Amino acid sequence: MDNQFIFKYSWETLPKKWVKKMERSEHGNRFDTNTDYLFQLLCFLKFHTYTRVQVLIDICGVDYPSRKRRFEVVYNLLSTRYNSRIRVQISADEVTRISPVVSLFPSAGRWEREVWDMFGVSSINHPDLRRIPTDYGFEGHPLRKDLPLSGYVEVRYDDPEKRVVSEPIEMTQEFRYFDFASPWEQRSDG
């Protein structure tokens with residue numbers, strides 16, 4: 001069985017309300033679904049005879065600030081039995097909460113925590129939703145495009161106090177110096 005068969009079979013078998021859009025390529029199949037049907041679709045893909053997805057490779061997020069539902073959450077799946085990759089995508093906004101899939105794929109716990117930590121997309125009743133890569137005192141979500149490049153606080157080691165100190169960042173315009181001269185142009189000094 002190849003990607004084309006899995007694509008065609010899924011298209012004929014799945015309820016139409018579960019899938020908004022399907023695309024097939026030589027590298028795998030892509031399913032766009034609604035947050036309401038994410039868990040059902042992943043159950044189908046894992047347990048159905050002709051898909052048998054055993055591995056959740058990862059869950060990642062993408063931020064599109066110009067969209068109404070600005071976040072894409074992407075589930076990359078692998079069927080080792082049929083050597084097929086499947087990508088399931090959902091769209092969410094700041095208040096939409098997605099269904100956790102830890103009961104289907106135990107490795108999803110860490111990936112869902114990372115999507116929440118980096119983008120702010122949370123899961124409903126997640127068993128362990130806490131920060132992973134960022135500090136517990138960190139404000140915001142670092143991979144969102146609306147987070148300032150400098151962040152909100154500065155973390156530095158204070159030698160006299162012999163400890164790490166967090167301070168709010170203050171950036172005032174009067175101390176910035178902009179040199180608009182091009183280093184590639186010749187200057188005549190005289």
Side-chain angles (χ1 to χ4, degrees), residues 3 6-7 10-25 27-48 51-79 84-153:
N3 281 337
I6 292 173
F7 179 82
S10 299
W11 181 251
E12 293 170 355
T13 309
L14 284 169
K16 300 302 178 213
K17 65 181 180 179
W18 286 11
V19 180
K20 293 191 289 188
K21 181 179 168 186
M22 287 179 68
E23 287 183 10
R24 185 178 67 81
S25 73
H27 305 294
N29 299 319
R30 188 179 103 193
F31 299 87
D32 288 356
T33 188
N34 192 335
T35 53
D36 299 334
Y37 303 111
L38 172 68
F39 191 81
Q40 292 93 321
L41 178 61
L42 291 177
C43 279
F44 173 87
L45 293 173
K46 181 169 183 169
F47 297 118
H48 200 278
T51 53
R52 291 287 183 197
V53 171
Q54 296 95 353
V55 180
L56 172 69
I57 298 170
D58 67 355
I59 303 171
C60 54
V62 184
D63 185 7
Y64 297 104
S66 59
R67 293 185 185 174
K68 183 178 178 186
R69 297 176 67 97
R70 67 184 280 185
F71 301 108
E72 290 271 327
V73 181
V74 182
Y75 295 77
N76 292 305
L77 308 163
L78 173 67
S79 172
S84 176
R85 291 181 184 271
I86 298 173
R87 176 180 295 150
V88 176
Q89 292 182 204
I90 59 169
S91 296
D93 55 16
E94 288 91 350
V95 293
T96 303
R97 299 180 72 195
I98 58 176
S99 302
V101 295
V102 178
S103 58
L104 288 175
F105 302 101
S107 66
R110 178 159 171 58
W111 297 116
E112 289 171 343
R113 285 173 56 190
E114 188 170 322
V115 167
W116 173 75
D117 192 9
M118 297 287 115
F119 294 97
V121 179
S122 62
S123 300
I124 304 166
N125 298 326
H126 192 278
D128 188 21
L129 197 60
R130 58 190 164 101
R131 293 197 178 267
I132 297 178
T134 59
D135 294 333
Y136 288 104
F138 188 85
E139 295 178 28
H141 304 281
L143 292 182
R144 290 176 91 162
K145 301 233 169 90
D146 56 358
L147 184 81
L149 290 177
S150 58
Y152 298 110
V153 293

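Here the structure is a predicted model, which is why all the values come from computation and not from measurement. Residue numbers start at 1 and run along the sequence shown.
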message = Once rounded to the nearest 0.5 Å, what's the spacing between atom CG of Leu45 and atom CZ of Arg52?
response =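 These two atoms lie 12.0 Å from each other.
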Indicate the atoms forming the closest heavy-atom contact of [X] with [Y], along with that distance.
{"X": "Val121", "Y": "Ala92", "value": "CG1-CB, 4.4 Å"}
{"X": "Phe39", "Y": "Val101", "value": "CD1-CG1, 4.1 Å"}
{"X": "Arg85", "Y": "Leu78", "value": "CG-CD1, 4.0 Å"}

If we only count heavy atoms from C-beta on, is the [X] to [Y] side-chain gap below 4.5 Å?
{"X": "Val115", "Y": "Phe71", "answer": "no"}
{"X": "Tyr37", "Y": "Pro15", "answer": "no"}
{"X": "Leu104", "Y": "Cys43", "answer": "yes"}

ask   = Parallel, tilted or perpendicular: which describes the rings of Trp116 and His141, with under 30° parallel and over 60° perpendicular?
value =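 Perpendicular, since the angle between the ring planes exceeds 60°.
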query = Does a side-chain N-to-carboxylate-O contact under 4.0 Å join Asp117 and Arg131?
reply =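 Answer for the salt bridge query: yes.
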query = Checking side-chain contact (heavy atoms from CB on, under 4.5 Å) against Ile90, which of Thr96, Leu38, Val74 comes through?
reply =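 The single option meeting the side-chain contact (heavy atoms from CB on, under 4.5 Å) with Ile90 is Leu38.
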request  = Could you tell me whether Lys46 sits above the aromatic face of Phe105, with NZ or CZ closer than 6.0 angstrom to the six-membered ring centre and within 45 degrees of the axis?
outcome  =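 Yes.
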request  = Please say whether more than 12 non-hydrogen atoms of neighbouring residues, nucleotides or ligands are located less than 6.0 Å from CZ in Arg110.
outcome  =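 No - once you tally the heavy atoms of other residues, nucleotides and ligands closer than 6.0 Å, there are 12 at most.
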